[in-house]
Every structure is written in C-alpha cells, then in structure tokens.
Amino acid sequence: MQAKARHFSDVVLTLVRRDFLGRYRNTAVGMLWALVSPLLYLLVFYVVFGHVLQLGIARYASFVLVGVLAWGWTQAAVLQAVTAITTNGSMLSQPGFPVASLPIVAVASNLVTFVISLPLLLVVMLIEGAHPGAAALFALPIVLVQFVLTLAVSYLVAGLNVAARDVQFIIPVLLQIGYYVTPIFYSLDKIPAAYRQVLAFSPMAVIIDGYRAALIDNQAPNWTSLAVAFVVSLALLLLAARYFVHASRRFLEDI
Amino acid sequence: MATAGITAVELGKAFRWRSGPRARTLKQMALNGFRRTPPQLHWAVRGVSLEVKAGEAIGVLGHNGSGKSTLLRMLGGVMAPDEGSIARHGKVRGLLELTNGIHQDLSGRENIYINGVIAGLTRREINARLDRIIAFSELGEAIDTPVRTYSSGMKLRLGFSVAAHADPDVLLIDEVLSVGDLSFRQKCLERIHEIRDNGCAIVLITHELEQLERMCERAIWMSDGRCIASGAPNMLVGEYRVAMDVETRLRTPENAEARVLPNGVRLVMGENRFGSLDAEIVDVRLIGRDGQIIKALAPGAPLAVELDIRAHKPIADPRLSLSIGRGDIDDLMDLNSDRDAFQVGDLTGEARVRIDLKRLDLAPGEYKLSAGLFESDWRYSYDYHWQAHPLVVTGDAADRGGFAPPRKWIRL
C-alpha cells in the first residue's frame, strides 16, 4: 500500500517535471513564454477597460493580472486534462500505471506555471504602488481551494471525454464563457445587483476575489465564502473522482 | 516470491459495438436515446484459461484480431474481464510499447525516469538501477543528449533497457522483441531468459515462431477470441504453419489459367504458383550492376530484384518474401520485408518494389528464385512463385559448395 502511494507520487512528480522541462526546452527565451499570454491579456484589458471604457477600479493592472493568472491556471489545467486520457492510451495499457495520476499532473504542472508568473504580478503591483504584506500568506489556502476545484473539474472532463469525444470541443467554449462571467477584468460591485447575486456564487469568483484581497489589498479574504467554496469543491472532487475511478475500468475499450 | 504467477480461468471480454467499433459521440448517444438499439456484443476473448508460474514462459500465438492483446490487457489488470476470474501473485508489469511517454526534447537520462515510473518503478528504484540501465542501452555519451537526436533504434534500446530492469514477478510481452538491430535483439532475448531464470513468470505474444519455440515451454493458439489449441510450442508452431498453407490453398482460385510472365517464366496454379491472386506479382526482373536485365551473374556481383505488383482490390500493408534455392534446398537465402523492417505500404493498382542485394557470393550453378506477396499477418499468400525464376551464377565450374566469394591467394 505504502509502496503504491510512493509510486503514485513519483509518477505525478516525474510527469510534472516532464511537462515543465519539456514545454519550453527548445525555445530561445524558455519559460518567459509562460508570461507572454497573461501579459497580452493584461495589455488588452488595461487599454480597453482601464482607459477606453473606464471601469474606475483602483490599481487596475494588478487587479486584472491576478484574475488573468488565476483563471489561466484553471483554464490550462482543464484543457490539458480533457485529453489527458484519450491521448495517453499507451500509458493506460501499462500494467500498474495509476491512471488517476494524469488529471493531477495536468493541474499540478499548470500550478507551476502559475507560480513562476507571480514575480510578474509583483512587478506590476510595485509599479502601481501596491505593497504586498503579511496577508499575502492568506493566498496559500486559496491556492488549495483552487487546486481542489480545478482537480474536480479535471477528473470530470477527462473521464467524460473518453465516453464522448465531443467534450473536448465543448470545454474551450465553456471556458471562454467562464472568462466573461467570472470577475476577471471587472469587479462584482460594478454590475447590477441581480446578476451580482448569481455570479457571487461562482467558486472561481470567490477564489479570485480572495487572491485580490490577500495580495493587492493586504487584507484577509472573505473566509466564509472561501469555506463554502472549499466544501463545495471538495464534495465535487469526491464525486468526480468516484466517477473517474468507475469510468476508468472501461477507458481502454473506448480509446 | 516463490509463488509468483497468474492463473486465469475461462476469461471472456465482450466489446459493445454501437455503430461499429468506434468511439462514441454525442450524436450517436442522442440517436440511441430516440431509438434504443441494443448494443452489438462482440466477444474479443471467450473461454480462455491459462496458468503461468514463476520461472515459466508461455507463448500466445494468433493473428491480428485473434484476441491476443485483449487477453494480455486482462492479465495485466488494465481491462476488466466480463467473464471468468484472474488470480495474480506478485508484481505484474509489461513490455509493451517501448517508447511510451518519451519526450523528444528531453535527454535520454531524463526519459529513463519518465519511462521508469510508467513501467512501475519508483524514482528511488530508478536511481539504484540507473547505471545498469544506461550500460545496457549502450547509448554511452548520447544518454545526455535530447532524444530527438536519436535514431528509432536508439529510442527502442532506451525503452527496452528501462523496461528490462523493472524486476517484475510477472512480465507480459507484446511483440516488442522483434525490434531493433540484430545484435541488440539477441541481447534482449538473453535478458528475457535471465529474467525468467530469476523466477519471473512470462507471457509472450509474438509472431516470430522461432522465438516462441526458443523461449516458451508451453503455448496457446488463439483464433477469433478462443483458444483453439495448446501444448508444446514446436508442435503448435508446426500446426500453425500448416494452417497458413491450408488457408492459402482454400483461397487459391481453381480455374486460374497458366500464365507466362514477361520474363518468360510459365506459372501454373498449384504447381509453382500459390495464392488468392487478390494481388499478383506480374513480373520479376533481375537487374545487374549496370542496370540491365540479366539472367546470369558472376560470384560477388550485386543483384537487384524488381517486383511488379498489381492489386485487384485494395490491399493493406502486405508482406514480401524473396528466397533463393538450389536443388532440394529451398532457402539458401530467405528474406522477408517483415524481418528487415521494410513496410510495403497499402496497395491499390500497380506498385513496384526493388530489393538491392549489395553482393551475392553464390557458387557457380543454377538457382531458382521464389518471390511471394503475403497478407499483412502472413495468414495466406496473395501470390507466391515457388522456385519459379531461374538465376545462373557463372564462373569457374571447379568451385564447390554453396559460396564462392571473389578472392585471391597470397603467401605471406
């Protein structure tokens, strides 16, 4: 049992390393590419909503970047997870290979990308005069909540995509919609109250708001909302993992 | 563990084919919702029992689609059987796809870890075996260069070296021993023998019959998902070969007319020609050093053999064979595209294949060339010209024996 757990964690560690080392190995600027996409989004939002259609949000660049980076982690992880099973048939046929590790690899390797882009956030924050303090440590439990939530979604989509390949085409669309209904480039208090009450239930909204409070405003996040988001995410993860394990017995037949 | 092994009883696996053996889509699911068609059951494996104990090797024979791989997957526990039971004792591992998980941009050394964890080792176990794995792979300095610079043979060597050091109690092998260059292949076989002698139980799928005879104490023969025979490998392999001849004869058209090829050779069905004729070898040309068509050549001279093929229906990736015989020895030389890892590719209409023999050192005499075009699984022949094409090797008739390489004598 212990040997199995050790092997499982070694599989995750090694495949995360592979993703991370392999992704930028043959590029001139290496992992700086991880910063290009969030920077471009930042630029667009900053120009459009900071200057053209002014939303009147203080330290708007920092505000947007927190949203872009946090959402970027979940989005990249889910996109990787959706094909994690269908494109790795040869691993699945290897006796003793822990299939359940593949969605974890998707979430963890994109967490690494998220973490290495945090210095960029720090630079932007300092330029805008925000000074992170001790409250920044509150971001750690929020990372845990986001990890659990993202993993739950990853297990679900990875398993569903084996049953019906359509899932891999639907997910990018859903993520795109998610980008707009999550307060990434706007804040909840800028939208009509009726919508606000609905959107405030989104765990991603709670998570991103929490990061902003902890990192930019040096304040404690809304613990109540986070606790609810955590419980919901955890319940979702248990359900999704159960579904995944159940479905995994038929994976090889359907890919 | 002295009791390592696998016992499988009456295994069965049924695949549910909806509108054919393909992945499901929402559309199909929606259609099924409207009109509930019961899924078609296709038994890929049924009623197969098998037992392999520590230190034993059992072989599985059968054509593609006979259920061999499904059986192996069930034994490995990566596919759940629908019928029967499996008892596994010890760590079950596979020698399946050797380049599994390899990342082109990472070094060989980094890929050893990736391959290793996929093969069931922990990082600590890999560290302990790292030197042995690298030494076995014979990759030397190249181990620290990116795998993208490797030849396909080097990649296979890397993959095999990792898998061969996973120290399982039960090892499942699927066709992988027929890859790589000859000397490494030999080394792989020796390593497998060593693993078995150390008390590992082995289940081996291979289409190389000689390998099966050498490696296994017992074998089973699968056809259409069922075990149709089991017993000593040499007996089974003999029967298997006969079955191929029978299959070919069954498919040989009876009323085919004798035909004279452009090279003057007369082919008579059932005498010097066998096969279904779904595709034909319509001409065989022997070509000499200067590109001219020849009927005779000198010892040590190069020879190219060009085969013109005509497919009367689409043929998926067939096999070619070419052999040279004299008198009652059929196969002084016996080549086939499979062993030389040459892929003929799918055929529609006409095709031409050339085999370049850099030199032929046959002794002077009269030889007969056989050429064959086979089904991609060697199940039967489309067209086989048995000892049909004459080849004369000229030279000093004083030469005896089978070979007469160009030579000179020197007193030193």
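Only heavy atoms go into these numbers, but all of them, side chains included; no hydrogens, no water, no symmetry mates. Below, chain A is the first sequence line, B the second, and so on; all start at residue 1. On a predicted model such as this, the values are computed, not experimentally measured, just so you know.
A salt bridge links Arg129(B) to Asp167(B): one of the charged nitrogens lies within less than 4.0 Å of a carboxylate oxygen.
Heavy-atom distances place both the backbone and the side chain of Arg93(B) under 4.5 Å from chain A. For chain A, the nearby part of Leu121(B) is the backbone; its heavy atoms alone come within less than 4.5 Å. The contact between Leu252(A) and chain B is made by backbone and side chain atoms together, counting heavy-atom distances below 4.5 Å.
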Open item on the list: Would Asn110(A) and Gln75(A) count as a side chain to side chain donor-acceptor pair (under 3.5 Å) here? Give the steps.
Closed with: CA-CA 9 Å; Asn110(A) 288 292; Gln75(A) 169 163 302; over 6 Å; no
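Between Tyr41(A) and Tyr179(A), the distance separating the two ring centers is shorter than 6.0 angstrom.
Per-residue counts of heavy-atom pairs under 4.5 Å with chain A were compared for Pro146(B), Pro168(B), Ala44(B), Gly120(B); the largest is that of Gly120(B).
Not one N or O on the side chain of Gln197(A) forms a donor-acceptor pair closer than 3.5 Å with the backbone of Ala194(A).
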